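First comes the structure, then the notes that go with it.
All values derive from a computational prediction rather than experimental measurement. As the structure lists them, so they are numbered: ligands from 1, and atoms in each ligand from 1. Just so you know, residue 1 is the first one in the sequence shown, and it goes up from there.
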Amino acid sequence: MIVSILGARPQFVKAAAVSRALVERGLEEKIVHTGQHFDDNMSDVFFRELGIPAPALNLGIGGGTHGQNTGRMLEAIEGVLVAFKADLVLVYGDTDSTLAGALAASKLHIPVAHVEAGLRSFNRRMPEEVNRVVTDHVSDLLFAPTETAMVNLAREGIKGCHLVGDVMFDVALHYATQVEARPAPIEGLPAGFALATVHRASNTDDSALLATILEAFRRSPLPIVLPLHPRTRKMIASFGLAIPARVIVCPPVGFLDMVWLERRARVILTDSGGVQKEAYFQGVPCVTLRDETEWTELVDAGWNRLCPPASAEAIVAAIEAALASKPTPATLYGDGNAAGKIAAILAASSATAP
Ligand code: UDP
């Protein structure tokens, strides 16, 4: 029995590809939802749209500090893994749910498999970086999306690594036709727009940076469409900031609507990890509102430019440079069958043998 620990939006997207591949391989999986993301538009919509099997259990843990959430999840997941007689625990990405799942399993001597292993920003102030590093070090099977991730893991002396490609690329290919056939998710969209997402704590929890980002959106050469993450909405309100009138703001959208918007955007501005890659999958240049990125190959290939949100002028200049750029196609994230490779490796592993 494989037990997958999911809790946050990017994990649902990745699980869509992997859970499908596990079924195709005849591997039994139970999903445990930690409850980290709980709104319909941050959680349930992904299960509905992407055909992810319903969670066997929702732990309902969220809303606390990192320590509170991770601690409560660790305790709850330990009991669940014993009750479900887990043979292997599958974790995704870099959230508190990832860390709690990996720690609980490794303390019970249950093998841990980490999807999206080896990513590094080399910035330990990011909670995600701590989660990734610790998770990689207690994992037995590490599924790396890129060569760079493999190099990072080798440098840390970690064994059990497999270069499989990026499951998010599998997802992008799988839903391309369905997305194309959808109607516009927002009425009255301008012909040329920039799509933006902002939710990293380093941006949302600093009033000066958040104000600078909003000011850049006000001055942007193209109108901005902004599906607003609940944390960012909360912080904008608590700092007493105003969203410029020109910004088309909406609640977080479902995955298929998000990809629809990404495909039609002329440029994407984001601090999301997943959205940086999806911009590239859709052939759209990206500006990343951070000091560094884990997805360095996108910067090297000219698809992405880093712009720390220290000045509105710099962000506007980066938008203009991205709009004028003509990056060349590249193959950066595998062949679209990363999930199939993961399922094959799991099927061959002694942990899942009948
Ligand atoms: N996403 C979405 N709706 C939105 C914003 C993002 O479906 O309103 C999707 C996006 O397409 C990507 C994933 O959420 O697949 C990225 O998640 P997020 O940005 O929350 O996390 P990160 O990738 O930074 O860990």
### Query
What's the spacing between Ile342 CD1 and His162 NE2 if we round to 0.5 Å?
10.0 Å
## Note on the structure
Only one of Ile224, Leu228, Ile236, Val225 passes side chain to side chain contact (heavy atoms under 4.5 Å, CB included) with Val249, and that residue is Leu228
### Donor on one side chain, acceptor on other, Ser4 and Glu29, under 3.5 Å
yes
### Query
Is the ring centre of His33 less than 6.0 Å from the ring centre of Phe12?
yes
### Task
Determine, using ring centers only, whether Trp295 and Tyr333 are less than 6.0 Å apart.
yes
### Message
Apply the hydrophobic cluster definition, ILVMFWY joined by side-chain contacts under 4.5 Å directly or through others, and give me every member besides Met42.
### Response
none
### Message
Residue by residue, ordered by chain and number, which ones reach under 4.0 Å of ligand 1 with a heavy atom?
### Response
Arg9, Pro10, Val13, Phe46, Met168, His199, Arg200, Pro227, Pro252, Val253, Gly254, Phe255, Met258, Glu262, Ser272, Gly273, Gly274, Val275, Glu278
